[in-house]
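Remember, predicted model here, so these are calculated numbers, not experimental data. Here is the naming used below: chain letters follow the sequence lines, and residue numbers restart at 1 for every chain.
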Amino acid sequence: MRSHTCGELNKSNIGQTVVLAGWVHRRRDHGGIVFVDLRDRYGITQIKFGMKGNTEFLENKDELRNEWVIKVVGDVVSRPENMVNLKLKTGEIEVEAKELAILNKSNVLPFEIDGEKTGCVNENLRLRYRFLDLRRPEALKMLELKDKYIQHIRKYFQGLNFLEVQTPILANSSPEGARDFLIPSRLHPGKFYALPQAPQQFKQLLMVGGIDKYFQIAPCFRDEDPRMDRHYGEFYQLDMEMSFVSQDDIFAVMEPLMVELTETFSNKKVVGLSSDKKFVKIPWRESMTRFGTDKPDLRFEFEMEIKGITELVESCGFSVFADAIKNGGVVHALKVHGGGSFSRKEIEDLSTIAKSKGVNGLAHIIIKENGDLHSPILKYLGEELGKSIVAAVNGDSGDIVFFAAGNWNPVCSSLGAVRNECAEKLGLKDKTKAAWCWIVDFPMYSFSEIEPNRIDFGHNPFSMPQGGLRSLYDLAPLDILAYQFDLVLNGFEVSSGAIRNHDPEIMYKAFEIAGYSRSQVDSKFGGLIRAFEYGAPPHGGNAPGIDRILMVLQDLESIRDIYAFPKDGQGRDLMMDSPCEVSLEQLEEVHISISELDNKS
RNA sequence: GGGGGCGUGGUGUAGUGGUUUAACAUGCGGCCCUGUCAAGGCCGAGACCGCGGGUUCGAAUCCCGUCGCUCCCGCCA
């Protein structure tokens with residue numbers, strides 16, 4: 001239909017007769033002469049209508065409107081020297097139209113595709129007309145970028161002799177983790193498939209099957225509320241697993257790829273590598289203490305750091321601190337470099353953030369420019385203790401030091417949230433930096449958040465406990481660490497992985513500690529356990545969320561911008577109108593009846 | 001489930017300490033124009049200011065309720 005695209009004609013084509021097809025991007029009507037910018041995926045070419053001798057199609061050209069699809073036959077001619085448009089790849093030439101065919105007209109657009117003219121259009125409107133939204137150059141750029149990104153990842157793993165294997169989409173409901181999407185079975189009344197939250201069990205079974213290097217760009221389905229970095233319902237993981245490896249072997253495969261992706265798909269520089277050029281590894285407990293989170297943003301590692309000062313203030317005159325410690329709690333201090341200028345309102349807001357994470361309040365000391373300390377709690381602490389606290393956190397004039405007291409966990413996460421907010425305020429989230437790190441040594445168990453004092457898995461029940469079976473017997477559950485790790489980029493958790501537990505005996509014992517009987521384990525994970533009884537190799541792997549990584553690398557406001565057809569903030573597809581009701585017949589076929597709807601229309 | 005923010009022509013915004021013909025840009029329709037490239041000029045249509053109620057002589061503006069959108073917390077082994 002077309003001889004060329006709209007992005008390729010140049011001086012060397014002058015004199016040729018060409019056929020172009022595309023969308024009317026803009027029309028400039030000068031009466032006797034009409035210019036049309038014809039657009040396709042490859043670029044824009046200026047079409048010139050109405051020069052003398054070519055009048056038989058004038059009727060058509062006058063009715064052309066934005067976003068109509070047309071085909072033009074014409075001659076490539078050079079533009080007058082002073083009319084060259086350097087902004088276009090094709091700006092040295094134009095096509096003098098001889099024939100015009102209108103292939104499809106367009107209604108008046110619900111919003112302007114030409115983003116230069118108005119600001120950012122309401123996202124829901126854009127999503128309803130996503131096919132128009134995709135015509136925006138930024139959308140095209142994103143799709144192209146993502147295509148290259150996926151290719152890069154595939155090439156990397158293929159180069160290392162990994163095998164890409166596809167795993168089932170109709171899988172089983174998993175008892176742990178996020179809410180499942182359920183699929184009713186027609187052939188088996190009352191039974192359900194579930195969409196996989198991750199191919200976790202399948203990839204471990206592949207290891208047992210002898211596929212010692214597996215990867216997959218795998219769709220994962222979880223029915224949890226969306227966030228800016230969490231797309232509703234479905235997202236993609238670079239799922240990988242290897243046999244006969246240690247944690248460091250996995251890191252050695254992942255790190256070069258992450259560096260390549262950073263360098264190829266962002267304008268960021270990788271910062272903060274350890275002396276051997278590898279990503280720093282921070283034990284979970286240390287990360288919680290120093291940064292107040294298990295996904296620390298290390299772009300401002302030194303501007304603000306948290307220190308335990310429990311011993312310093314153990315017997316101080318400030319009862320909030322002293323009592324907290326007496327009750328088995330801790331006191332941590334966060335120094336914020338340059339935070340001395342925070343207003344009273346700002347400090348109050350930070351205190352609200354801290355309280356939302358479970359502490360009763362947020363004390364502070366301001367270090368004035370002349371070195372004087374300013375604080376409502378100084379009269380209880382005394383000048384001398386105040387000074388030694390400030391010294392302990394390397395406080396300098398112009399800084400502010402925040403304090404939280406109470407149980408270790410809320411103290412850590414409160415100051416972590418305050419640290420994050422201060423970094424935002426002080427502009428420390430430097431977009432030119434990519435700070436990668438591994439968080440390692442996650443605890444195998446923690447107290448359940450639902451039932452107090454019940455021991456539950458901290459992270460992933462399939463992880464190998466450090467020290468194996470012996471530590472399950474010898475150590476207190478809360479002291480057992482797992483070969484479990486996360487990958488973190490600029491404060492975002494972008495991957496989770498582990499050396500797996502491939503030994504049925506250790507598996508049963510590990511579950512027993514979390515309160516699961518042997519038969520419960522058999523009924524929930526029978527397939528996997530059975531496989532481990534037939535020569536399972538030691539194995540481990542991880543699964544980076546590739547959409548989230550690209551979002552962080554590209555500094556996007558929302559992970560929705562990464563997808564061609566994203567769900568909206570409430571999990572709907574506004575263009576396809578899903579989810580939607582189905583017919584009674586369809587429901588009966590899968591043996592489902594709707595009991596009642598809360599809000600009848 | 002809880003908290004914050006927003007809702008004004010098709011689109012993006014202004015107006016929000018009470019008195020306006022509800023403004024601007026862009027888009028849309030018409031006319032003029034042979035060198036533009038975010039073309040330009042003239043004319044025109046288009047919003048009962050999300051919805052309902054209240055306070056007032058008077059409400060886009062203040063109050064209450066409601067709906068919608070959005071971000072955050074809970075949740076995401």
*asked:* For the residue pair A:Asp522 / A:Tyr508, report whether a side-chain donor-acceptor contact shorter than 3.5 Å exists.
replied: yes

*Distance between P atoms of B:rC71 and B:rG12 (Å, rounded)*: 16 Å

*Using the six-membered ring for Trp and the full ring for Phe, Tyr or His, decide whether A:His30 stacks on the six-membered base ring of B:rA39 (centres under 5.5 Å, planes under 30°).*
yes

_Nearest-Å distance for atom pair CD/P, residues A:Glu493 and B:rC75_ = 14 Å

*OP1 or OP2 of B:rU36 sitting under 4.0 Å from any side-chain N/O of A:Arg28?*
no

*Whole Å only: how far is the CD atom of A:Glu234 from the P atom of B:rC76?*
20 Å

*Pick base, sugar-phosphate or nothing for A:Arg572, based on heavy-atom distances below 4.0 Å to the nucleic acid.*
sugar-phosphate

*With the threshold set at 4.0 Å, does a side-chain nitrogen-carboxylate oxygen contact exist between A:Lys98 and A:Asp75?*
yes

*asked:* By the 4.0 Å heavy-atom rule, please label A:Leu125 as base, sugar-phosphate, or nothing.
replied: sugar-phosphate

*Below 4.0 angstrom from OP1 or OP2 of B:rU70, is there any side-chain N or O of A:Gln570?*
yes

*Length of the CZ-P vector between A:Phe49 and B:rU36, whole Å*: 19 Å

*Nearest-Å distance for atom pair OH/P, residues A:Tyr232 and B:rC75*: 18 Å

*Scan A:Asp29 against the nucleic acid and name what it touches under 4.0 Å (heavy atoms): base, sugar-phosphate only, or nothing.*
base

*Judged by modelled atom types alone, do A:Asp547 and A:Tyr563 share a side-chain donor-acceptor pair under 3.5 Å?*
yes

*What is the distance from CG of A:Asn82 to P of B:rC37, rounded to the nearest Å?*
12 Å

*Looking across every strand, which nucleic acid part, if any, lies under 4.0 Å from A:Arg27 by heavy atom: base, sugar-phosphate, or nothing?*
nothing

*How many Å lie between CG on A:Asp547 and P on B:rC76, as a whole number?*
20 Å

*With both distances under 3.5 Å as the test, what is the Watson-Crick or G-U wobble partner of B:rC69?*
B:rG5

*Please tell me which of the listed nucleotides, B:rU11, B:rC76, B:rU70, lies nearest to the side chain of A:Arg230?*
B:rC76

*Test log, rule side chain to side chain donor-acceptor pair (under 3.5 Å), inputs A:Lys429 and A:Asn420*: CA-CA 9 Å; A:Lys429 298 194 170 179; A:Asn420 188 50; 2.8 Å; yes

_Among B:rU11, B:rU36, B:rG30, the one nearest A:Gln46 by side-chain distance_ = B:rU36

_Whether A:Asn85 contacts B:rU36 is assessed here as follows: a side-chain N or O lying under 4.0 Å from the phosphate OP1 or OP2. Is that the case?_
no

*Would you tell me whether A:Gln484 and A:Ser463 have side-chain atoms, one donor and one acceptor, within less than 3.5 Å of each other?*
yes

*asked:* By nearest atom, which of the nucleotides B:rC28, B:rC73, B:rA39 is closest to the A:Arg227 side chain?
replied: B:rC73

*If only side-chain N and O atoms of A:Arg79 are considered, is one of them under 4.0 Å from the OP1 or OP2 phosphate oxygen of B:rU36?*
no

*Between the base of B:rG35 and the side chain of A:Glu94, is there any donor-acceptor pair under 3.5 Å?*
yes

*Sequence neighbours excluded, which residues qualify as ring-ring contact (aromatic ring centres under 6.0 Å, His included) partners of A:Phe485?*
A:Phe251, A:Trp438

*For A:Glu67 and B:rC28, what is the distance between atoms CD and C1' respectively, to the nearest whole Å?*
15 Å

*Return no unless some side-chain N or O of A:Lys87 is found under 4.0 Å from OP1 or OP2 of B:rA38.*
yes

*Could you state the atom-to-atom distance from CE of A:Met83 to P of B:rG35 in whole Å?*
8 Å

*Could a donor-acceptor pair under 3.5 angstrom be found where the side chain of A:Arg222 meets the base of B:rC76?*
no

*Applying a 3.5 Å limit to both distances, which nucleotide forms a Watson-Crick or G-U wobble pair with B:rC75?*
none

_Within 45° cone of A:Trp408 ring axis and under 6.0 Å: A:Arg285 NZ or CZ_ = yes

*On a plain distance test, is the side chain of A:Asn124 in donor-acceptor contact with the base of B:rG68 below 3.5 Å?*
no

*What about A:Glu112, does its side chain sit under 3.5 Å from the base of B:rG12 through a donor-acceptor pair?*
no

